[in-house]
Amino acid sequence: YRLFPGEPKWKKNTLTYRVKKYTPSLSHAEVDKAVEMGLKAWSAAAPLNFVKTTSGEADIMISFENGDHGDSYPFDGPRGTLAHAFAPGEGLGGDTHFDNAEKWTMGMNGFNLFTVAAHEFGHALGLAHSADPSALMYPTYKYQHPFGFHLPKDDVKGIQALYGSRLTGSRAPQVPHLPVPKPPAPTIPDHCDSSFSFDAVTMLGKELLFFKDRLFWRRETQLKASVQPLSIRGSFPQLMSNVDAAYEVPNRGVAYFFKGPHYWTTHGFQFLGPPRTIADFGFPRNVLHIDAAVHLKDEKKTLFFVGDEYYSFDEVKRKMENDFPKSIEDEFSGINGRIDAAVEVNGFIYFFSGPKAYKYDREKEDVVHIVKSGSWVGC
Amino acid sequence: APALFALSQTSSWRDFYTAQEYLDKYYTPQEGHHVGEITSGDSMTKKVQQMQAFFGLRVTGKLDYSTMDVIKRPRCGVPDIAN
C-alpha cells in the first residue's frame, strides 16, 4: 500500500457523506446501497464511522459528473477513467466523482458501482494506489463481489497505518501474529419457537434444504429422525448467511440461490461460476431482491415472490412470462402476507410465511393444511 | 525523434498517442509540466519504465503488448505517482 505525500488523513473518526448528484443508470436506492457498502468495507477494518446527510456540505461529497466538471481532472467518456477522489482535506478534500458516461451497475456487467466506490473511498480516506495486484487500491478495475466482501490484507494494512485497527482503536498497526478471531459459532435458533421462520427452502436432489440466518437443515423428504443444523459457510462458503430464496430445476440438475441483487448457480453443492445479477431473469429494475422462489416441475415454470406480488419464469424459454407480476392473494386463496420460502413436494406447493407453513392444493385452489414452520425440521 | 525509442515494432502511432496521454495523466507530477513545455523523448521512455515498474511488468521502456494492454484497461483517475 502507499499513502499520499504528507500522509493526509481525517483528524476525526466520524465522517459525513452526501450523494449530491445521482446517475440515470441506477436508482437512487441502488446508488445509496453501493455507497453504503463501499464505506462499510473500510469501517470494518478501521475505527471510522460514516453518517449520511442529504443537504449542505459533507466531508465526502459524491457525484456523477460528465467530461470537464471543474476540478482540472476532466472525465473521458465511456471506459478509460471511471472515477477519481481527492485525499482528505477541506473543500474538495475527500470528494468522490464518478464518470457519468460509464454503465454503472449492481452486477458484473458494465462497471460495478460498489467495486469502484470502495476503491475511490480508499483515496478519500488517504490511501494512494497500491502496486499489489490483489489490493482493492490497485489502479485498474477488477469486479469485487459486494456481499461478504472483505478488504484484502494490503488495504487493511494501509488503512490501519492511518487510523489504527477497529479492535484496538489505536494508531499502532495490528501485530500480524495476533490470532485472527474466528467468527463466533452461529447461534442456533430455537426451531420450536412460536415465532420461528425460514429464510429459504428448496429441494436439492433427494433432499430438502431449509435455510435460516447462518444455518441450514438438510433432510430426506421422508422425515425419519430429527435433523441437526449445519453451518451454511461450511457447505456453501460463497453464500455465507441469510439466503433470500432458492430453487432447483431437477431435469437440468442445477439449483439457484438468491441473495440481494445476486444469485449463484450450483450443481448439487458445487458452485458453477461467480454470482450473477438477478436482472438476468428479467425483473423490472425496482426489484432489488426476491423473497421466495418455487419451481413447478410439471409446468417447467418457476414462481418468484416479491412483496405481495409474484412473477412466473418459463425455464424452457428462459424468459419471464408476460402479464406478470400478479397479486399473490388473488391467485393463491388463503395465502396472504409476505412469503419467506416456498417449495413444491409431491405436487403440492408449501408456502412458508412467518411461523406457519401452508400446504396449497392447486387443483382445489386452496390451502388444505397448515402446520408450524419448525415442524419441517423435527419440532 | 528520440521519443521513437518508446515506440516498439508492434505498436502504432495511435498506441503511441494513447500511451502519451496516459502517461501525462497518471505519471506526470502536475507541477512538473506547464502548458507549452516540450517534453524530451527520453522523459517518455522514463515514464514508460516507471509505469511498467508500478504494474510489475518487464521494464523495457517500450510500448510492448503487455504494456499497452494495461494502458487500455478501465481504471481510477487518480495518478499512480502521488502529487
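Letters A, B, ... mirror the listed sequences (proteins, then strands); counts begin at 1.
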Face-on cation placement of R2(A) at F54(B) ring, 6.0 Å and 45° thresholds: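 Not flagged: R2(A) not positioned over aromatic ring of F54(B).
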
Which heavy atom of [X] sits nearest to which heavy atom of [Y], and what is that distance?
X	Y	result
V48(B)	L63(B)	CG2-CD2, 3.9 Å
W10(A)	Y163(A)	N-OH, 3.0 Å
Y27(B)	D80(B)	OH-OD2, 2.7 Å
M106(A)	A34(A)	SD-CB, 4.2 Å
K259(A)	W264(A)	CB-CZ3, 3.5 Å

Less than 4.5 Å to any heavy atom of chain B: does that hold for the side chain of [X], its backbone, both, or neither?
X	result
F86(A)	neither
D76(A)	side chain
A85(A)	backbone

Sort by residue number and list every member of [range] having a non-hydrogen atom under 4.5 Å from chain B.
range	value
residues 135-150 of chain A	Y138(A), P139(A), T140(A), Y141(A)
residues 22-33 of chain A	none
residues 118-126 of chain A	H119(A), E120(A), H123(A)

Just by distance, do the side chain of [X] and the backbone of [Y] share a donor-acceptor pair under 3.5 Å?
X	Y	answer
N13(A)	L48(A)	no
E7(A)	L162(A)	no
K11(A)	K9(A)	yes
H262(A)	M108(A)	no

Using distance alone, with no hydrogens and no angle criterion, decide if T67(B) and D64(B) have a side-chain donor and acceptor under 3.5 Å apart.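 Result is yes, a qualifying pair exists.
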
Donor-acceptor pair between K47(B) and T28(B) side chains, under 3.5 angstrom: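 On atom types as modelled, these side chains qualify, holding a pair under 3.5 Å.
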
Identify whether the distance between the nearest side-chain nitrogen and carboxylate oxygen of D95(A) and K20(A) falls below 4.0 Å. no

What residue in T81(A), D99(A), D132(A) has the most heavy-atom pairs under 4.5 Å with chain B? T81(A)

Is there a side-chain contact between D59(A) and F50(A) (heavy atoms, below 4.5 Å)?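 A side-chain contact under 4.5 Å is absent here.
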
With sequence neighbours excluded, tell me which residues meet salt bridge (Lys or Arg N to Asp or Glu O under 4.0 Å) with E57(A). none

